[in-house]
Asker: 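Quick one: structure below, then a few questions.
Just so you know, ligand 1 is whichever comes first in the structure, and atom 1 is the first atom listed for that ligand. Remember, it's a predicted structure, so these values are computed and weren't measured experimentally.
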Amino acid sequence: MTSIALIGFMGSGKSTIGYQLASQNHRKFIDLDDEITKFEGREIATIFAQDGEEYFRHVEEKILNQFSEANVIVATGGGIVMNQNSREILKNCFHTIWLEVSYNVVENRLRLDDTRPLWKQSKEQRQALFERRQGLYEECADMRVSVNERSPNQIATEIEGSISFI
Ligand code: S3P
C-alpha cells in the first residue's frame, strides 16, 4: 500500500488529522518534525538557529524519503514543499493530501505560538510565505481537502471516503 503524506501550511492540522486517520485505519502514524527532532537530538528551533533553514530542509528530505515505502501516514512540516527534491518524493512516492487552510484561520490558531521559527516574522512576511507556498502545495497534491471550520472527524471522514486503499 502507498504511504500517505499530509501537506499544508503551519496550523492546518496535519498532525491531528494524520494521527486520527492512522488510528482509525490501523496504519502507523509518523510526525516528520518529531522524527527530525529525534534524529538530530535537538529541537527544530535550535536546528534553524544553529544550522539554518537549508540544512533543516536537507534533513527533512532525507527523513521523508525513508518513509516513502513504509506504508505509513506521514504528517509533514509546512515548508517541506520549498525543497524541490522533497516535492519530487511527494509526487512520485506518496499519495499526497493537501489540507487547505485560509490565512485567517492560521493566524487565529497560531496567535500564541512561539515555537515555529518561520512564524516569528512580521505579518507581511508570514502572509507572503503563505501565498508563495499555495502553488507548491497544489503542485504536489493528489487530493485537496478544505479544513476551514470543519472538525478533525469531518475531515478524516472525507479523506477516508476518497481513498479506497486506506
Ligand atoms: C515549518 C513548519 C513546521 C516545522 C518547521 C518549519 C515551515 O511544521 O517543520 O518549523 O517552514 O512551515 P508544522 O507545519 O507542523 O508547524
Asker: Would you check if the side chain of Tyr103 reaches a backbone N or O of Arg126 as a donor-acceptor pair within less than 3.5 Å?
Answerer: no
Asker: Residues two or more places apart in sequence or in another chain: which of them pass salt bridge (Lys or Arg N to Asp or Glu O under 4.0 Å) with Arg42?
Answerer: Glu40, Asp51
Asker: Who are the residue neighbours of ligand 1 when the rule is a heavy atom under 4.0 Å from any of its atoms?
Answerer: Met10, Lys14, Asp33, Ile44, Phe56, Arg57, Gly77, Gly78, Gly79, Arg116, Pro117, Leu118, Arg133
Asker: If we count only N and O atoms by modelled type, under 3.5 Å, do the side chains of Ser122 and Gln125 hold a donor and an acceptor together?
Answerer: yes
Asker: Under a single-linkage definition using a 4.5 Å side-chain heavy-atom cutoff for Ile, Leu, Val, Met, Phe, Trp and Tyr, are Phe29 and Val145 assigned to the same hydrophobic cluster?
Answerer: no
Asker: When the ring planes of Phe130 and Phe9 are compared, do they come out parallel, tilted or perpendicular, using 30° and 60° as the limits?
Answerer: perpendicular
Asker: With a 3.5 Å distance limit and no angle check, can you tell me whether Glu158 reaches the backbone of Gln154 through a side-chain donor-acceptor pair?
Answerer: no
